[in-house]
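The model shown is predicted, which means the values in this text are computed figures rather than measured ones.
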Amino acid sequence: MGIPCNTMLSLPYANQFRVLAGKSGLGNLVQWVHNLEDPRYVEWLRGGELIILTGIITKDDAKVLCRLMEQLFDKQVAAVAVSLSEFIPVVPKEVCACCDRLGLPLLELPAHVRIVDISRSIGTTISNSQKWNDERAILLLDLLYGKRLSEKRLRRFGFHAQQHFRVVQVQLLWEHSAVEASRLQGEMVFYEEENLLYQAKTYIQEELQKQKQDCWLTADDDMILWLIETEPEKRVAPLLRYIMLCLQEKLPDTDIQAGVSEEFTDIRRLRSYAEHARKALFLNPQRDVEAPIAFYDDMVSYQLFEQARTSLDLNEMAARVLGNLLREEHRDLLNSLRRYIEHDCNQKDAAKALFCHVNTLYFRLKKIERMLHRDLNRMDDLFDLMLALRLYDFCQDELGGK
């Protein structure tokens, strides 16, 4: 959690900063303030810091300072502020040029402004911002668990009847091998690196702040719940794709999927729409393909299933079509049929997803046709099988959740 450099520059005392270079990075988030005098301690930084230098050790040596700026940039600090003093009376032009090239904000702090006042002003603002987001998270959980909320409390958070929302459920499946490898190599593994939901939620908050988007986030069980306020007829897909791409880049050892509810206006019904987002996530027919975002709006068949007969009846309908494919010894055939349909009946792509030779898949599909007395080249038969698979997945989710 932090505040953009642009916002920081309007705070008390921090408004005394003068931007010297690196203006392209003023959207960076400042997460805390850190005084750094000895370049040897750069390796201890975590990223997101506002670094304040007085030059006690570096002096105004341009080469030393430029090398330090490059190290700080590699550590992903938010900005660097030089407190003018007898050690650095004027920031060298070479350092400004270096920061412009890196896109690292370089700020100048007049000598009469106390560093402690700067730290207190920025730290208090970050703390208050975190407190506000924590209160929002609690409100979302109260809505999610059906707690009755007063109009006064809802108004305090800015809710009104004209707002439009969508709920996004984000699930993360982490490969622990990365952390285990770090331990084996003797590297330090921070607690936040093991707390995947906390880490991912923080990344989403940071990206939303950079995009100047409101942050409504909480973590529940093994998923992140994200409430997006939308405008009528405004598409949220570009923002979702951007956030998912950012998460995948920052958490490369993680499988990330998201389900999105339809649009709604009554915030008190968040619980119902969160369930729709969850269904979109788990019933996504493209879940194992490169389609990490599923919209409940697009799942017309599943919405029809919900309004149809009981899940048990639907399960029996699916079983009549899929027959012996549902037996344990034929699970590989069921999975082959599923991948074949998911990849638009392209045997080459489906075989690649199954990690088998295309001829192997061909013989499996022929065996399925013989077992079920169906022709996969006949549209009616293919439609029945596709519908039966969706019925089966829907019922497994429904019966498994009871």
Please report the C-alpha distance between Q163 and E229 in whole Å, then the side-chain angles of each, then the deciding distance to 0.1 Å, and finally whether the side-chain hydrogen bond (donor to acceptor under 3.5 Å, both in side chains) criterion is met. CA-CA 7 Å; Q163 288 171 294; E229 183 180 353; 3.1 Å; yes
Mind telling me whether W132 and F157 have parallel, tilted or perpendicular rings, with 30° and 60° as the class edges? parallel
Candidate list V91, T54, L109, test side-chain contact (heavy atoms from CB on, under 4.5 Å), partner L84, passing option: V91
Candidate pair K23 and D100, rule salt bridge (Lys or Arg N to Asp or Glu O under 4.0 Å), full reasoning: CA-CA 7 Å; K23 292 183 180 180; D100 270 331; over 6 Å; no
Inspect the contact between D61 and K63 and indicate whether a charged nitrogen and a carboxylate oxygen are less than 4.0 angstrom apart. no
From CA spacing to verdict: salt bridge (Lys or Arg N to Asp or Glu O under 4.0 Å), E135, R156: CA-CA 11 Å; E135 291 178 358; R156 177 175 176 262; 3.0 Å; yes
Salt bridge between R271 and D142, side-chain N to carboxylate O under 4.0 Å? no
Rounded distance (nearest 0.5 Å) linking atom NZ of K250 with atom CD1 of I204: 11.5 Å
Pairing donors with acceptors under 3.5 angstrom, does anything connect the side chains of Y203 and Q199? yes
Would you please indicate if the ring centroids of Y362 and Y340 are separated by under 6.0 Å? no
Considering non-hydrogen atoms only, spot the tightest contact between K59 and L65 and give its length. O-CD1, 3.8 Å
What I want to find out is whether E369 reaches R364 closely enough, with some N-O distance under 4.0 Å, to be called a salt bridge. no
Residue set satisfying side chain to side chain contact (heavy atoms under 4.5 Å, CB included) with R241, at least two apart, ordered chain then number -> A237, P238, I293
Look at D214 together with R136 and state whether they make a salt bridge at an N to O cut-off of under 4.0 Å. yes
Salt-bridge contact R339-D349 (side-chain N to carboxylate O under 4.0 Å): no
S261 and R166: side-chain donor and acceptor closer than 3.5 Å? no
One pair to check against side-chain hydrogen bond (donor to acceptor under 3.5 Å, both in side chains): E262 and Y273. What are the steps and the verdict? CA-CA 7 Å; E262 65 272 51; Y273 290 96; 5.1 Å; no
F165 and W226 aromatic centres sub-6.0 Å: no
Look only at the side chain of S127 and the backbone of G123, and say whether a donor-acceptor pair between them is shorter than 3.5 Å. no
Between E70 and R67, does any side-chain N to carboxylate O distance fall below 4.0 Å? no
Determine the interplanar angle of the Y296 and H276 rings, folded into 0 to 90°, and report it as parallel if under 30°, tilted if 30 to 60°, perpendicular if over 60°. parallel
Going by atom types alone, do Q76 and E49 pair a side-chain donor with an acceptor below 3.5 Å? no
Run the salt-bridge test on D375 and R378 with the 4.0 Å N-O cut-off and return the result as yes or no. no
